[in-house]
Every structure is written in C-alpha cells, then in structure tokens.
Amino acid sequence: MILVVGGAGYIGSHLVKDLIKKEQVIVLDNLSSGHQQAINDNAIFVHGDLKNEFEYDFLFDKYPIKAVFHFAACSLVGESVINPQKYYENNVGSTLKLLNLMIKHKIKNIIFSSTAATYGIPNCKLIDEAVPTIPVNPYGRSKLMIEQILADYAKSYDINYSILRYFNAAGADVSGEIGESHNPETHLIPIVLQHLYGIREKVNIFGTDYDTPDGTCIRDYIHVTDLVNAHITALEALLKGEIKNQIYNLGNGKGYSVKEVIQTCEMITDIKCKIKIGERRIGDPPVLVASSKKIEEELGWKAERNLEQIIKTAWRWQQNQRY
Ligand code: UDP
C-alpha cells in the first residue's frame with residue numbers, strides 16, 4: 001500500500017492513475033488546490049491536512065503502508081515572496097509532521113517532490129545535481145530546507161528518501177481525462193492554450209531582453225507522464241533497496257524559449273496568438289535546463305516525450321477540461 005500526499009494535485013493525480021495499476025493507493029489531500037475529480041476512482045481518498053496529524057495518523061495503523069509520495073506543497077514563487085509564512089508553515093512545518101509520524105510508525109521510504117527552484121540562478125548550461133543550491137525565493141528555500149531535514153533524518157533515523165527535483169512539468173495524461181488545473185494559472189503553456197481556446201484575452205511575455213538567442217527565458221519542459229514514470233522507477237528502486245538517499249533532476253535536457261513555446265502552441269492549434277511584451281517577472285532566471293544523466297545512468301529513466309507531445313496532450317485537456 002502506498003500513501004500519496006497531495007494526490008489530488010496536478011502531478012500527484014497523474015501518478016495515482018498509473019500507480020493504481022500496480023499498488024493499492026491512499027490519497028491524502030486537503031483539496032486546497034487539488035481536485036477530487038482528479039483522483040482515480042480506485043484509490044482510497046482521505047480528506048485531511050498534513051498540519052493536522054489527527055486527520056491521518058490512523059492511516060499508518062490501519063494500512064500496511066510501504067512508502068509515501070509527498071507532493072503536497074504551495075508552489076507559487078511570487079506568493080512565497082509576499083507571504084513566506086504560508087510557505088514555511090505549509091511546506092516545511094507540515095512535512096516535519098509527516099516525517100515525525102513516519103518515524104513513529106516505522107515507515108521508511110519517502111519520495112519527495114522538489115524543484116529546480118532550489119538551484120536559484122545557476123551560472124551553467126546544464127544543471128546537474130552537483131550544482132550549488134542557492135535558492136532566491138522562499139518557495140525554493142522551503143523545498144531546500146525539507147531536503148536538508150530529510151538528509152539529517154536519514155542519518156539519524158531509519159528513513160530512506162528519493163528527492164526528485166522537477167524542472168517545468170507540463171502536458172496532460174494522453175486519455176484527456178486528467179490534466180493541469182490551477183487557480184490562478186501562472187504557467188506558460190496552460191496560459192497560452194487558454195488564450196488560444198478563447199478564454200484569456202492575450203499572452204504576456206515577461207521580458208524580451210534576457211541574454212538568450214531571442215531575448216526570452218529558456219526552460220526545460222518535461223511531460224507529466226515522464227515525471228510519473230520517474231517516480232515509479234524511483235519507488236521500485238527504493239523498495240528493492242537499490243538506492244538510498246538520492247537526489248535526481250528530472251528534465252528533458254533541452255531548453256525552449258518563451259517565444260518557441262508560443263510558436264509551437266500556434267503550430268499545433270493552428271491559431272494565432274495575441275502577444276503583449278511586458279516587463280521581466282521578478283526572480284525569473286534566464287535559463288534553466290536539466291541534466292538528468294544521473295537518474296538515466298543509475299535507474300535507466302529518460303524523458304521520452306518532446307515539446308510537441310506536451311502541447312498536444314495539454315491542448316486535448318484544454319478542450320475537454322472537466323475541473
Ligand atoms: N511566462 C511568460 N508569460 C506568462 C507565464 C510565464 O512569459 O504568462 C514565462 C516566465 O517568465 C518563464 C517561462 O514563461 O520565463 C516559464 O514560466 P512558468 O511560470 O511556466 O514556469 P517557471 O519556470 O516560472 O517555473
């Protein structure tokens with residue numbers, strides 16, 4: 001049995017849809033930003049909040065939980081600058097409670113969702129796990145603090161973790177049944193597709209004066225299904241005892257500029273985008289591209305889907321969106 005904390009959210013719900021084919025799954029989610037409709041019908045759903053131990057402590061007695069996936073977090077960079085308290089309480093404070101319960105109930109394995117935001121503004125073309133982590137906002141710092149807590153806990157208690165640092169998760173399940181749905185939406189691909197679908201007036205490009213070939217920021221977009229496969233690969237390796245306390249970057253290893261993403265969306269939908277060039281968004285690094293060589297070499301995982309597949313599945317979801 002596997003506990004998925006935050007299993008009603010974007011990435012968590014995609015993981016549950018696949019994991020349920022192999023394991024029994026319990027989803028714990030407070031539905032603050034997730035959607036109950038996104039949770040696979042075969043999973044057990046518990047409505048609860050990580051910060052309230054009494055809402056989920058019983059799960060560890062009731063079910064033989066082998067491992068925990070932890071997706072539940074606030075993840076808006078701008079909001080984290082305005083309201084750091086929310087980020088340190090919800091992300092760091094609540095995770096501590098979860099970890100302490102895991103120790104109490106002797107649950108060993110945890111797969112933790114971390115982020116490229118832990119690297120801050122790195123000065124290199126391809127970011128591998130050895131690049132120094134110098135986050136530049138409370139969101140990135142909250143994730144890095146949890147990583148550090150995990151490392152300390154693993155030294156002193158019987159905890160075995162995999163930390164997965166995501167680059168730009170995007171796309172949707174190929175079925176079109178689940179996908180990305182944030183409110184407010186801040187991510188580039190859904191924003192462009194909402195506009196092309198006719199429910200957003202235009203797309204603002206945040207800065208065209210970066211030191212990149214076309215002046216717009218470059219990101220490494222990774223299909224949510226590739227992310228799910230990496231999680232399942234990491235789970236299997238953890239359960240078999242093949243890896244212990246590892247950090248892996250998850251990306252495609254290929255960067256696309258904001259303008260290239262918009263052009264690809266136009267090509268796939270055959271609709272022209274109305275663009276407004278705006279100011280830079282505070283805290284945006286010019287280029288973030290992952291090296292995922294470590295997980296490829298150690299676990300044989302590699303992203304298989306390209307930007308076109310990301311946008312095609314995201315467009316299908318946009319046209320079918322149920323929540
Ligand atoms: N971006 C943009 N307009 C938008 C949303 C995003 O120009 O309406 C840019 C943003 O500045 C960044 C890139 O698109 O350079 C990806 O942003 P997103 O928020 O999707 O992901 P992030 O890299 O911030 O996690």
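These figures come from a predicted structure and were not determined experimentally. In listed order, ligands and their atoms are each counted from 1.
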* Which atoms of ligand 1 sit under 4.0 Å from any heavy atom of C217? -> 15 (O)

* Is there a path from I178 to I11 through hydrophobic residues (I, L, V, M, F, W, Y) whose side chains come within less than 4.5 Å of each other? -> no

* To do: Please determine if D284 has a nitrogen or oxygen closer than 3.5 Å to a nitrogen or oxygen of ligand 1.
  => yes

* Asked: Of the protein's non-hydrogen atoms, which lies at the shortest distance from atom 22 (P) of ligand 1, and what is that distance?
  -> N168 ND2, 3.4 Å

* Contacts of T95 that satisfy side chain to side chain donor-acceptor pair (under 3.5 Å) - sequence neighbours left out -> H70

* **R281 N/O to ligand 1 N/O under 3.5 Å** => yes

* Give the atoms of ligand 1, by number and element, whose distance to some non-hydrogen atom of I205 is under 4.0 Å. => 7 (O)

* **Residue pair I243 / L238, side-chain heavy-atom distance below 4.5 Å** => yes

* Asked: For ligand 1, which atoms have a heavy atom of V258 less than 4.0 angstrom away?
  -> 7 (O), 9 (C), 13 (C), 14 (O), 15 (O)

* Does any N/O atom on I191 come nearer than 3.5 Å to any N/O atom on ligand 1? -> no

* To do: Heavy-atom contacts with N204 under 4.0 Å: which atoms of ligand 1 show up? List them by number with element.
  => 2 (C), 3 (N), 4 (C), 7 (O), 8 (O)

* Check which hydrophobic residues are tied to I127 through side-chain heavy-atom contacts below 4.5 Å, counting indirect links as well, and list them. => Y119, V131, F167, L288

* To do: Verify the ring-centre separation between Y166 and H231: is it less than 6.0 angstrom?
  => yes

* Under 4.0 Å from ligand 1, counting heavy atoms only, is it the side chain of T186, its backbone, both or neither? -> backbone

* Distance under 6.0 Å and angle within 45° of ring axis: K143 vs Y139 -> no

* Asked: Would you say L188 and ligand 1 have an N/O pair spaced under 3.5 Å apart?
  -> yes

* Using atom types as modelled and distance alone, determine if a side-chain donor or acceptor of H195 lies under 3.5 Å from a backbone N or O of I191. => no

* To do: Indicate yes or no: does K22 engage E236 in a salt bridge with an N to O separation below 4.0 Å.
  => yes

* Among all protein non-hydrogen atoms, which one is nearest to atom 23 (O) of ligand 1, and what is the separation to 0.1 Å? -> R219 NE, 2.7 Å

* Asked: Should one rank Y221, Y256, F167, F206 by closest heavy-atom distance to atom 13 (C) of ligand 1, which comes out on top?
  -> Y221

